[in-house]
> 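This is the structure I have questions about; it appears just below.
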Amino acid sequence: MLAESLLEGLNPEQRRAVECTEGPLLVLAGAGSGKTRVLTNRIAYLIGVCGIPLENLLAVTFTNKAAGEMRERVEKLLGPRSGDLWIGTFHSVCVRILRRDIGHLERSRGFVIYDDADSLGVVKDVLKRNNLDPKVHDPKRLRWRIDQWKNAGVLPAEAEKKAYDIDEELCARLYAGYQRRLVDANALDFGDILLQTVELFKRFPKVLEYYQRRWQYILVDEYQDTNRVQYELISLLARAHRNICVVGDPDQSIYGWRGADVRNILDFEKDYDEAEVIKLERNYRSTQPILSGASAVVANNFERKRKKLFTEREGGDPIQFYEALDDREEAQFVVRKMLVASRNDGSSFGRFAILYRTNAQSRSFEEELLKYDVPYKVVGGVRFYERAEIKDTIAYLRLLVNQQDDQALIRIVNKPSRGIGKTTLERVAALSAERGVPLLEGLRLHAEASGSGRTANAIRSFLGMQQELREVLAARSLDQVIDHVLERSGYRAALVKEATPEAEARLDNLQELMASAGDFHSANEGLIGEDSSEVELFLEQVALISDIDGWDERAECVSLMTVHSAKGLEFPVVFLVGLEEGIFPHASSSGDAEGLEEERRLCYVAMTRAMEQLYLTCAGERRRFGARSFQSPSRFLGEVPEKLVEVLSDRHGRSRASRHSSAPSDDIADTSSLDYSYSQDANEDGQVVQPGVSVQHPVFGSGVILAVIGTGLSQKLKIRFKRVGVKTVMVRYANLELG
DNA sequence: TCTGTAGGCGTTTTT
DNA sequence: CGCCTACAGA
């Protein structure tokens with residue numbers, strides 16, 4: 001009976017994907033093909049029909065939101081008893097494994113998780129210790145290199161061995177230094193969470209065996225976005241029983257820049273030669289024009305498995321295209337459309353999403369939405385947990401839990417100012433390095449050595465506060481601990497004294513933090529005390545939180561987010577904005593074919609978020625980097641078949657788009673696309689100067705145009721040079737060569 | 001040691 | 001344009 005209800009309403013392919021429980025299974029799930037439903041029903045089927053115990057299942061996703069949704073839906077099918085069922089993100093699953101077993105790697109289970117800012121701090125510290133000038137050796141670049149190594153599963157020793165030139169060798173050595181600093185701080189960065197888990201499994205077969213035996217059935221969502229380490233992790237776990245089901249869509253692979261390798265999904269059938277392959281090609285989400293338009297765009301990719309999606313939602317509005325004069329007008333257009341729809345048919349604002357390529361683009365839309373009092377929510381951008389006051393408070397907690405957390409100490413030791421400034425900290429850092437102890441211990445030594453001066457007293461008082469707070473930590477609940485921290489540290493008092501609107505907003509945020517800590521406390525009562533304390537669990541959750549996790553589809557407001565964040569979501573009406581060369585495709589990706597193809601897949605993902613209506617917009621001019629920049633329409637616009645598009649324009653022939661709309665377009669209606677042989681911004685030789693174009697500079701070398709500023713003799717270009725970074729140059733004097 | 005200000009630099013995308 | 005950093009002055 002349960003079996004029937006779990007298969008009911010599924011199409012034959014979906015049904016097979018649920019029923020085919022044994023052995024390796026690859027589900028190629030096109031956009032909107034009911035993938036989540038298949039995954040959840042499959043889990044429920046395994047448990048409820050096949051009788052597999054909950055604890056023998058592992059389901060892995062990329063975001064907490066996806067994991068939470070899956071759990072919720074499984075509980076709806078089976079009842080609320082899914083406690084032992086492991087559904088989580090790669091990161092949260094690995095943290096749980098490490099909390100239990102990291103001891104084998106001679107590390108402590110009380111580790112903290114370093115976020116991006118923390119690890120950048122460590123990189124800077126490593127450069128300093130090696131007497132390297134951060135102006136010459138860009139910390140961000142080094143951080144990025146290390147991250148790539150970690151994503152590829154390369155440990156420092158291997159990186160050094162493989163180094164092919166001096167620079168690479170230096171980076172690899174610094175990577176080793178960085179790693180030592182992390183170990184000293186008892187910290188793991190994001191990459192480590194995965195890498196150390198794989199390391200653990202490789203070096204300790206007994207440990208691996210335990211988990212292999214435990215997880216008899218493994219499911220992986222968004223498999224096309226896995227990187228090397230994630231791939232290895234899954235392979236290791238699945239090796240024993242080969243009951244592995246992966247779900248994904250090569251056309252939606254959009255995380256190449258963070259090490260994801262689409263070959264993982266393309267080679268699945270090679271890895272598991274007995275694999276079953278099921279294609280879900282029926283789209284339940286979008287109308288015909290939307291699906292056809294999106295498919296036409298991604299069909300321009302060369303490296304691609306052919307796939308045909310079809311929908312039964314025939315008819316439907318054409319894709320709407322609007323070319324605005326500038327970014328402000330683009331925002332006006334979008335908001336006006338929403339207001340009209342809401343007035344005419346009472347559309348809830350929750351039906352609308354504005355999707356853009358980069359976070360910075362949200363601004364003009366926010367201003368316009370504010371102007372008309374339209375409720376909206378921005379996903380990502382400045383995140384709650386990245387606000388300074390929140391990070392400060394968290395840093396206090398981190399230092400209490402882990403006294404080796406140097407980055408946390410650096411952050412709060414003088415916040416609010418208590419007379420332990422830069423010079424003191426520098427001396428303490430030198431002392432700590434010399435003795436090989438954490439900064440907190442270094443402070444102690446420093447105070448002892450320097451008698452009863454002003455600084456020494458300040459340090460003593462700080463250490464006293466730490467001692468006191470640690471006692472509170474042991475005795476009180478999470479929200480009470482936070483309250484004590486804010487009180488005893490003088491942090492709250494300092495903000496109150498400031499008495500500015502900003503300070504008040506910060507106080508509000510801290511209040512909110514305490515509220516969420518209170519929620520956390522009540523939600524986890526009874527669960528605490530086995531492997532970690534409440535504060536530790538809270539810190540862990542905060543560290544692994546992602547942008548999209550806080551998004552609530554039930555909220556009746558317009559959603560603003562990047563296309564990356566929007567993956568996996570759907571909206572009745574989507575505005576895909578800023579479709580301009582240099583932005584989408586982004587200037588830094590349009591240089592090579594691979595990068596461009598990923599941008600195109602990104603465009604495909606964006607378009608397929610729409611259920612009923614899709615608006616595409618671009619602007620002829622926009623403020624970028626504080627200056628005006630002329631933009632030309634994205635090449636992707638030209639890849640949408642013209643017959644699917646309705647061109648909107650409220651001006652009398654002033655925009656290029658309106659000219660096209662009135663042009664006769666009969667002869668090749670089936671294959672023709674919106675034609676953008678834009679004639680603007682050509683230089684003397686008639687070559688097009690626009691964002692995304694690569695150039696050669698006689699002194700700075702090769703680079704990519706970021707923005708075109710002004711026209712004529714005073715025209716300037718903002719260019720990112722490979723060697724020297726971003727520079728603005730005068731076209732007239734720079735003697736640039738294109739290409 | 002702290003605070004204010006000038007200059008420089010940046011925007012991909014994120015667990 | 002805004003944020004962050006470096007530097008100068010109190």
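Below, read A as the first sequence line, B as the second, and so on, with proteins coming before strands; counting in each chain starts at 1. Only heavy atoms go into these numbers, but all of them, side chains included; no hydrogens, no water, no symmetry mates.
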> So what does A:Ser417 hit on the nucleic acid, given a heavy-atom distance under 4.0 Å: a base, only sugar-phosphate, or nothing?
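Sugar-phosphate contact only.
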
> Do A:Arg143 and A:Ser119 get their side chains close enough for a donor-acceptor pair, meaning under 3.5 Å?
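Their side chains do contain a donor-acceptor pair, which is all the 3.5 Å distance test asks for.
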
> In whole Å, what is the span from the CG atom of A:Asp138 to the P atom of C:dT5?
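These atoms are roughly 13 Å apart.
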
> Check whether the aromatic ring of A:Trp257 stacks on the base of B:dT13, taking stacking as ring centres less than 5.5 Å apart and planes within 30° of each other.
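Whether judged by distance or by angle, A:Trp257 passes, so it stacks on the base of B:dT13.
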
> Give a yes/no answer on whether the side chain of A:Asn227 brings an N or O atom under 4.0 Å of OP1 or OP2 in B:dT15.
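For B:dT15, OP1/OP2 do not have a side-chain N/O of A:Asn227 under 4.0 Å.
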
> May I ask you to say what A:Ser565 touches in the nucleic acid, namely base, sugar-phosphate or nothing, with a heavy-atom cut-off under 4.0 Å?
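If one applies the 4.0 Å heavy-atom cut-off, A:Ser565 turns out to touch the sugar-phosphate alone, with no base involved.
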
> Would you kindly compare A:Arg363 and A:Lys422 by the position of their nearest DNA chain C nucleotide and give the one closer to the 5′ end?
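Its nearest nucleotide lies further toward 5', so the answer is A:Arg363.
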
> Look at the side chain of A:Glu330 and the backbone N and O of A:Gly578, then say whether any donor-acceptor pair between them is shorter than 3.5 Å.
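Side chain of A:Glu330 to backbone of A:Gly578: a pair is present.
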
> If I take atom CD1 in residue A:Ile254 and atom P in nucleotide B:dT13, what distance separates them, rounded to the nearest angstrom?
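After rounding, the gap between these two atoms is 13 Å.
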
> With respect to the side chain of A:His564, which nucleotide from B:dT13, B:dT11, B:dT15 is positioned closest?
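Output: B:dT13.
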
> Relative to the ring of A:Phe538, is the ring of A:Phe520 parallel (under 30°), tilted (30 to 60°) or perpendicular (over 60°)?
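Aromatic pair A:Phe520/A:Phe538 classed perpendicular.
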
> Considering just the side-chain nitrogens and oxygens of A:Asn64, establish if one lies under 4.0 Å of OP1 or OP2 belonging to B:dT15.
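For A:Asn64, the contact criterion (side-chain N or O under 4.0 Å from OP1 or OP2 of B:dT15) is not met.
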
> Applying ring pair (Phe, Tyr, Trp, His ring centres under 6.0 Å) between A:His564 and each of A:Phe584, A:Phe62, A:Tyr255, report the one that passes.
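The single option meeting the ring pair (Phe, Tyr, Trp, His ring centres under 6.0 Å) with A:His564 is A:Tyr255.
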
> How many whole angstroms separate atom CZ of A:Arg601 from atom P of B:dT13?
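About 18 Å, once rounded to whole Å.
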
> Which listed nucleotide (B:dT15, C:dC1, B:dT14) is nearest to the side chain of A:Phe190?
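Shortest atom-to-atom distance from the side chain points to B:dT15.
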
> Let me see the working for A:Tyr211 and A:Phe201 under ring-ring contact (aromatic ring centres under 6.0 Å, His included), right down to the final yes or no.
CA-CA 9 Å; A:Tyr211 289 100; A:Phe201 286 166; 5.6 Å; yes

> What is the distance from CG of A:Asn151 to C1' of B:dT14, rounded to the nearest Å?
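Interatomic distance, CG of A:Asn151 to C1' of B:dT14: 11 Å.
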
> Take A:Gln361 and A:Thr89, find for each the nucleotide of DNA chain B with the closest heavy atom, and name the residue whose nucleotide sits nearer the 5' end.
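It is A:Gln361 whose nearest nucleotide is closer to the 5' end.
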
> Roughly how many Å is it from CZ in A:Arg600 to P in B:dT13, rounded to a whole number?
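Result: 21 Å.
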
> Considering residues, nucleotides and ligands other than A:Lys128, do more than 12 of their heavy atoms fall under 6.0 Å from its NZ?
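12 or below, so no.
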
> Answer yes or no: does a side-chain N or O of A:Ser588 lie under 4.0 Å from OP1 or OP2 of B:dT11?
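Answer no for this pair, as no side-chain N or O of A:Ser588 is under 4.0 Å from OP1 or OP2.
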
> So A:Phe62, base contact, sugar-phosphate only, or nothing? Heavy-atom distance under 4.0 Å.
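Sugar-phosphate, backbone atoms only, no base.
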
> Rounding to the closest angstrom, what is the interatomic distance between B:dT11 and C:dA6 at atom C1'?
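So the two C1' atoms sit 23 Å from each other.
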
> Between A:Thr423 and B:dT1, is there a side-chain N or O to OP1/OP2 distance below 4.0 Å?
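Yes, within the criterion.
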
> Distance check: side-chain N/O of A:Asn359 vs OP1/OP2 of B:dT14, anything under 4.0 Å?
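Answer is yes, contact under 4.0 Å.
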
> In whole angstroms, how far is the P atom of B:dT14 from the OH atom of A:Tyr356?
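My rounded result for the distance is 9 Å.
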
> In whole angstrom, give the distance that lies between atom CE of A:Met561 and atom C1' of B:dT13.
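Between C1' of B:dT13 and CE of A:Met561: 14 Å.
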
> Please compare A:Asn414 and A:Ser589 by the position of their nearest nucleotide in DNA chain B and report the one closer to 5'.
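Going by which nucleotide is closer to the 5' end, it is A:Asn414.
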
> Can you tell me how far C1' of B:dT1 sits from CZ of A:Phe462, to the nearest Å?
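Whole-Å distance recorded here is 17 Å.
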
